[in-house]
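Just below is one structure, and these are the notes that go with it.
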Amino acid sequence: MKRLDLIFSERELDAILKALEKAGVPGYTVMKHATGRGPDTIVSEDMEFSGLGANAHVIVFCDEEIIKKIKENVTSILNYYGGVAYVSEAIQL
Amino acid sequence: MKRLDLIFSERELDAILKALEKAGVPGYTVMKHATGRGPDTIVSEDMEFSGLGANAHVIVFCDEEIIKKIKENVTSILNYYGGVAYVSEAIQL
Amino acid sequence: MKRLDLIFSERELDAILKALEKAGVPGYTVMKHATGRGPDTIVSEDMEFSGLGANAHVIVFCDEEIIKKIKENVTSILNYYGGVAYVSEAIQL
Amino acid sequence: MELNLVLQNVLTPPVLFFFLGIIAVVLRSDLEIPAPLPKLFSLYLLLAIGFRGGIELEKSGFSDPVLPTVGSAILMSLLIPLICFVILRLRLDVFNSAAIAAAYGSISAVTFITAESFLESQNIQFDGFMVAALALMESPAIIVGLLLVRVAATKERPDSRQMKWGTILHESMLNGSVYLLLGSLLIGFLTAAHNPGGVVKMQPFTGKLFYGAECFFLLDMGIVAAQRLPGLKKAGSFLIFFAVLIPLFNAVLGVFIAKALTLGPGNALLFAVLCASASYLAVPTAMRMSVPEAKASYYISTTLGLTFPFNIIIGIPIYMSLVNTIIPSTS
Amino acid sequence: MELNLVLQNVLTPPVLFFFLGIIAVVLRSDLEIPAPLPKLFSLYLLLAIGFRGGIELEKSGFSDPVLPTVGSAILMSLLIPLICFVILRLRLDVFNSAAIAAAYGSISAVTFITAESFLESQNIQFDGFMVAALALMESPAIIVGLLLVRVAATKERPDSRQMKWGTILHESMLNGSVYLLLGSLLIGFLTAAHNPGGVVKMQPFTGKLFYGAECFFLLDMGIVAAQRLPGLKKAGSFLIFFAVLIPLFNAVLGVFIAKALTLGPGNALLFAVLCASASYLAVPTAMRMSVPEAKASYYISTTLGLTFPFNIIIGIPIYMSLVNTIIPSTS
Amino acid sequence: MELNLVLQNVLTPPVLFFFLGIIAVVLRSDLEIPAPLPKLFSLYLLLAIGFRGGIELEKSGFSDPVLPTVGSAILMSLLIPLICFVILRLRLDVFNSAAIAAAYGSISAVTFITAESFLESQNIQFDGFMVAALALMESPAIIVGLLLVRVAATKERPDSRQMKWGTILHESMLNGSVYLLLGSLLIGFLTAAHNPGGVVKMQPFTGKLFYGAECFFLLDMGIVAAQRLPGLKKAGSFLIFFAVLIPLFNAVLGVFIAKALTLGPGNALLFAVLCASASYLAVPTAMRMSVPEAKASYYISTTLGLTFPFNIIIGIPIYMSLVNTIIPSTS
Ligand SMILES: Nc1ncnc2c1ncn2[C@@H]1O[C@H](COP(=O)(O)O)[C@@H](O)[C@H]1O
Ligand SMILES: Nc1ncnc2c1ncn2[C@@H]1O[C@H](COP(=O)(O)O)[C@@H](O)[C@H]1O
Ligand SMILES: Nc1ncnc2c1ncn2[C@@H]1O[C@H](COP(=O)(O)O)[C@@H](O)[C@H]1O
Ligand code: NA
Ligand code: NA
Ligand code: NA
């Protein structure tokens, strides 16, 4: 099994989840209120009040085929709006 | 070393932590307020006020033997109440 | 690519981020409000009001060389103040 | 006349803010009240309702109308789950039926305070001791629900999962919202009895602020309820009908019992609302823990997605005109 | 005299708490107001401003000074972004220019209420209907900003990213803070018209508590603004000048229009403040979604890191003396 | 008589809600007040205590009873850590001794306001300027604690970890809660002096709401304290005795000094409570940063798990009867 970690602005959460659902993921987990720094923007907690929101960290455990299906849609969103996506190995307990 | 990721409803946190302690984990980290979707239920942030709570994401770094000890107890809880558990490789920095 | 997971007290966040920046990480993600247990202290959510804070979970995706640069500074902080650091493999989606 | 009452109910701030929340979801506005802010209002309202109820209870004592009314309310919270269980079993398994039944036997505090606001805007009098009825209807309904599981699901549960009495009492009495409500009731009572100055000093917090906080919370409840509604579609038309018709049925039952108790119109409405409303705080939390076989989306989308808005918007005025019809006004 | 006004402004609790927040950051204190607590105050203030504005609007009706004033305010929120866009294009690309321009066309509710507090501390009268102007200046500025992107950036955007009218209207009208402000305004209006008792019962929450909550929020805004300031340095001196000079320019424009509208000094100040202030809530949120090409740090560090503190601390008294100079007092 | 005072203290809302929190933990209720809501109340209370204290200080000026009292309070916050350090060194290392000693030299604002509520419920007069003593006892205790580490632990710390004066001053003066308290005190003072209208407008927020917010926070503090108690068992019987006996000792000391200062019974109680109470906000935060060698569970479970509830529940009435015994009433 694979583990996919996506980190991006909360504002894109709906679009990303839609892309994941379309690829047929068996489930996902979302952790909001993450902050951080990318190549050029800093996302800090103290701007959350403004509605700009912080980052979301999404974890998906799924098969390799689904990762392939996810790839195109998700990377196009991340390339436009920013964010990172990494895949690693995971074995069900 | 191994890394164990557990994601399940916050309501079962005490039971899971008890099972981890019993297996002798050296430590663990808990992130509450995670949301997500499994095979049939959606867990959303807006129900947190009700006391139903959201999901917890638990991370454990430990040896392989402890993973084996954790397995039985934890999977029985997850099978009954729902949730996922995955193991991956990790090396101490 | 490598994935680095750091977990430690929120109070040390500034020092750790400084060390990461110094090593030239391309970015990082911070999740605050994590709780947990280490070898001898329990960190619980209900003490957050006191300013003691909870734990921070920092994720960094970067090349192996940067991991090496990070190592010295970060482990010296973690050894003094507590906390854990693990490295695993990750491939960009 | 009924329509007029509905309109008068709808044009009060609490109901208007509830609508504002619903419409935000319908129009896909990104308005959100992030966790745990709604929890703050929920805790505050339970504390304030309990504290004020305790003060009123100390004033009224346990003399005539109080004990019979509270006793009847408790009986209703035992009876309603049984009726609901029988109906729900027509279509659902034991676990889902018991969980939903318990929710309808219990109460919704926010529905209750909206009914109080409605009475105030209509200048109809009611008694503070009704809060005692509210506070005491939660636990029995949970107990009945869990007992139903214990009795009816023996075959379907492995021995290790048998419901124990300890669990049943713990879940029904020590559930966070039940505990806070009952505890604040007791504190209000003790304060009124031994420290009247304390009552006065609490007044700005538990009294004056209450109406505004209620409005704020109802804004959030509108958002939450509207987001639960799609879940109901999945649950099927049986549960949709159930979530609208059972409150009406329970309200009628409630009004007749209120008549038998010779309650005035204000108290009668509150009694009917207690019967008609369903719990989305204490009961779901208890069921999630002890009856994980039941689908949370069933008991939440019925109580919160349909019964709650139904009661808030048109249930309360309908029950009021029921009261006006069935209980002849003495004034 | 100007200095005196500045001092009188600075010695009010809201501005003092704002300073306390700024100094906390400067001295590297670890004082923090963790999320989502600032959101609670932000939501509360929008709700209360809207609700109170609605009540006042119902009182004043739409007779003479109201409609022309609100209409002119809306015109200003269409005109200012165009002026700003032209200036910003001297140095910035279309996306950044449009986003910043929209922010300056829109308003800052906290600056507005600080101006109200200032007027109250000076015993200068103003009208509640000005809140309607505030509420109606947000959406037009967003629409202009997005239209500018649509028109000016056709070549730079792939077809799939063309701005659609649906998106433009959605982002401008259903943005969380715009929606809450307009919705609360409507609820205040309806309540005042149909349920005067409700107005009285809301008063402790939306009225009495307001000033203190404003101070608490300004403490946080001081922290947030001071943390945005370093971002401005990176943005360069062009934007630093812009963020101080444009509010002054817009305020002068505002005062002359206020004079043409024959507004009294209180209303004239509020009108000038609406023109001078820039949005860091609704507009950035809308731009982040629909113009991701623009750098968030540009439109946030200008509006929040510089224009906001400038207006709060010395802008308001400066605009007041502008009003006193340009509009001859009739009393 | 003492028992009677304890009972009268226990039957006030703040203490009753504190009990409700403790009992929730004891009975394993799932009642919880999720982070960061307790922080909201903690920030609010510090802001309100400081602001009100500043107003009172401006009223009283710095004439006779004020300066000597505040001066003596500061001296106590320097002296008590030294006494505690000597005692703690009997069993603990330098780091733990210094950290705990600093905590007991400092104060607990919530214990102080509970004592104020107690005095009000007993109709005993006290002065607002005592808040200045409260605000000025935090930093010195932290400084003494850090100096003790610097002096006594030279061998045990590598050079790179030597405590610098910059760190010591930063941790003692710019700690979030110290800063907010002192800052609000100053703002209250300035507002009272230059903008009396601002004082009136803050009153609903910082004044009226205070008592209820205090109760809500004490509910949470009951939960938190009860959860710290098991940690004390691990810490051993020496610290358990310390956490009960030292407050008593410090209170006796405090009452005698209050007598020497010829304070009235109300101010004398507050003075004794300042000496007896221990910090679980500012000091632990500072120690966690600068003395990581000390075990957080030691200085938190003593101050928060035992000394705090001891003071709230029976300490205050005991100190009151001490005051009544030692200081002859003049009335
Ligand atoms: N190398 C990285 N490691 C971990 N997180 C990252 C990294 N780069 C970016 N992020 C996260 O992704 C978010 C959005 O990235 P970006 O849009 O590239 O600024 C950042 O705010 C970080 O939280
Ligand atoms: N495939 C998955 N990947 C990531 N998280 C998952 C996955 N499946 C389930 N989860 C998480 O586990 C929680 C409980 O799962 P379940 O009880 O199976 O609905 C969900 O709410 C998700 O947060
Ligand atoms: N073995 C472990 N697995 C996961 N998290 C850990 C582990 N050990 C420590 N932690 C986390 O690191 C934090 C600080 O650790 P320590 O300072 O060693 O007590 C703990 O509160 C945990 O959140
Ligand atoms: Na019911
Ligand atoms: Na403007
Ligand atoms: Na002390």
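Naming convention: chains lettered A, B, ... in sequence-line order (proteins, then strands); numbering from 1 in each chain.
- Here the CG-CG distance, from F:Leu37 to E:Leu37, works out to 7.0 Å after rounding to the nearest 0.5 Å.
- Note: F:Leu190 CG to E:Thr12 OG1 = 11.0 Å, rounded to the nearest 0.5 Å.
- Of all heavy-atom pairs between F:Pro36 and E:Pro34, the closest is CB-CG, 3.7 Å.
- Residues of residues 43-55 of chain F placed with any heavy atom under 4.5 Å of a heavy atom in chain E are listed by number as F:Leu43, F:Tyr44, F:Leu47, F:Phe51.
- Chain F is approached within less than 4.5 Å, heavy atom to heavy atom, by E:Leu219 from residues 218-231 of chain E, ordered by number.
- In this structure, CG on E:Asp30 lies 8.5 Å from CG on F:Leu174, to the nearest 0.5 angstrom.
- Judged by distance alone, with hydrogens and angles left aside, the side-chain atoms of F:His170 form a donor-acceptor pair with the main-chain N or O of E:Arg28 at under 3.5 Å.
- When every heavy atom of F:Lys39 is checked against every heavy atom of E:Glu32, the shortest pair comes out as CE-O, 3.7 Å.
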Give every donor-acceptor pair under 3.5 Å between a side-chain atom in residues 200-213 of chain F and any protein atom, sequence neighbours left out.
unit_1   : atom_1 : unit_2   : atom_2 : d
F:Lys201 : NZ     : E:Glu120 : OE1    : 2.4
F:Thr206 : OG1    : F:Met202 : O      : 3.0

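- When each of E:Leu7, E:Leu31, E:Ile33 is checked for heavy-atom pairs under 4.5 Å with chain F, E:Leu31 comes out on top.
- Of the atoms belonging to F:Ser184, heavy atoms from both backbone and side chain fall under 4.5 Å from chain E.
- For a heavy-atom cut-off of 4.5 Å, chain F lies close to E:Leu16, E:Phe17, E:Leu20, E:Ile23, E:Ala24 in residues 15-24 of chain E.
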